[in-house]
J.: 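Dumping the structure here so I can ask a few things about it.
Just so you know, residue 1 is the first one in the sequence shown, and it goes up from there.
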Amino acid sequence: MTDWLGDHAWALWLSLALILAVAEVVSLDLVLIMLAVGALAAAGTAAAAPDLWWLQVLVGAGVSAGMLIFLRPSVLAKVRAMPGYRSSTDKMVGSSGLATSQIDRGSGEIKVDGQTWSARTYASDVVIEQGTEIEVYEIDGAIAVVYPKYGELP
């Protein structure tokens, strides 16, 4: 069996490319697909030069690195510019949660969808007590701007 694998290294690279491509479907980060293309390039190298394992690794790593550095950023920019695209933080706007500490204009903490976020109130004169249901008004960097769910908006 090891003799066959040694003579058919392209099959290992091809299998790795397939596994990475399937994993990309689950993650959707556009990282694993770039690695899969590198593995495909290594498979092609293994078919052309089966005894040069170091060249296969070098080609696979080089193609993967090149794709990650040069192609992935432009593909992500195009995806993010598509109509209707909303990031995960944009999707939080309007979500309900719970104040896990007292929230004022300067600080506070909330829990939304099982995630803990730093928070502040939308208005400087509003204080939200711990345990109050809140709703996310907007996201300001890494801080959720919130208001009491059953309170009035400005």
J.: Looking only at non-hydrogen atoms, find the nearest pair between Ala21 and Ala36 and report the distance.
T.: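 Here Ala21 and Ala36 meet closest at N-CB, 4.0 Å.
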
J.: Which pairs with one or both residues in residues 13-28 pass side-chain hydrogen bond (donor to acceptor under 3.5 Å, both in side chains), sequence neighbours excluded?
T.: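 Applying side-chain hydrogen bond (donor to acceptor under 3.5 Å, both in side chains) to every pair that reaches into residues 13-28, excluding sequence neighbours, yields Trp13-Gln56.
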
J.: Are side-chain heavy atoms of Val26 and Leu32 found at a separation under 4.5 Å?
T.: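 The answer is no, as the side chains (C-beta and beyond) never meet within the 4.5 Å cut-off.
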
J.: Do Val25 and Val22 land in one hydrophobic cluster if side-chain heavy atoms of ILVMFWY residues count as linked below 4.5 Å?
T.: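 Cluster IDs for Val25 and Val22 differ.
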
J.: Do the side chains of Leu71 and Leu68 join up, straight or via other hydrophobic residues, at under 4.5 Å, putting them in one cluster?
T.: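 In one cluster: yes.
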
J.: Starting at CG of Leu28, measure out to CG of Leu30 and round the result to the nearest 0.5 Å.
T.: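 The CG atom of Leu30 is 7.5 Å from CG of Leu28, to the nearest 0.5 Å.
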
J.: Is there side-chain contact between Thr132 and Glu129, with at least one heavy-atom pair below 4.5 Å?
T.: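 A side-chain contact exists here, since the closest heavy-atom pair is under 4.5 Å.
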
J.: Treating Ile, Leu, Val, Met, Phe, Trp and Tyr as nodes and any side-chain heavy-atom pair under 4.5 angstrom as an edge, say whether Leu55 and Val57 lie in one connected cluster.
T.: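 Linked, Leu55 and Val57 end up in one cluster.
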
J.: Side-chain donor-acceptor pairs under 3.5 Å in residues 98-111, sequence neighbours left out?
T.:
from	atom 1	to	atom 2	distance (Å)
Thr100	OG1	Glu109	O	3.1
Ser101	OG	Glu109	N	3.0
Asp104	OD1	Gly106	N	2.8
Asp104	OD1	Ser107	N	2.8
Arg105	NH1	Thr121	O	2.9
Arg105	NH1	Tyr122	O	3.4

J.: Taking the side chain as C-beta and beyond, is there a heavy-atom pair between Met34 and Ser64 under 4.5 Å?
T.: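 Not touching, per the 4.5 Å side-chain cut-off.
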
J.: Closest approach of Ser96 and Val112, non-hydrogen atoms and distance?
T.: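 Answer, listing the atom of Ser96 first, then Val112: O-CG1, 3.7 Å.
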
J.: Quick one: do Ile19 and Val37 end up in the same hydrophobic cluster if we chain Ile, Leu, Val, Met, Phe, Trp and Tyr together by side-chain heavy atoms under 4.5 Å apart?
T.: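 Different hydrophobic clusters.
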
J.: State yes or no: do Ile128 and Val93 share one hydrophobic cluster built from I, L, V, M, F, W and Y residues joined by side-chain heavy-atom distances below 4.5 Å, directly or via other members?
T.: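 Ile128 and Val93: one cluster.
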
J.: Quick one: CG on Leu35 to CG on Leu40, what's the gap to the nearest 0.5 Å?
T.: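 Leu35 CG to Leu40 CG: 11.5 Å, rounded to 0.5 Å.
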
J.: Between Thr45 and Leu52, is any pair of side-chain heavy atoms under 4.5 Å apart?
T.: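 Thr45 vs Leu52: side chains apart.
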
J.: A side-chain contact here means heavy atoms from C-beta on lying under 4.5 Å apart; do Leu20 and Ile33 qualify?
T.: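 The answer is no, as the side chains (C-beta and beyond) never meet within the 4.5 Å cut-off.
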
J.: Quick one: are Val145 and Tyr137 in side-chain contact, heavy atoms under 4.5 Å?
T.: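 Yes; the side chains approach each other to less than 4.5 Å.
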
J.: Do the side chain of Arg72 and the main chain of Asp29 share a donor and acceptor less than 3.5 angstrom apart?
T.: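 Present.
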
J.: Minimum heavy-atom separation for Ala42 to Val59, with atom names?
T.: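 Minimum heavy-atom contact is N-CG1, 4.4 Å.
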
J.: Would you please name every residue forming a side-chain hydrogen bond (donor to acceptor under 3.5 Å, both in side chains) with Asp140, sequence neighbours left out?
T.: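 Asp140 satisfies side-chain hydrogen bond (donor to acceptor under 3.5 Å, both in side chains) with Arg120 once adjacent residues are dropped.
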
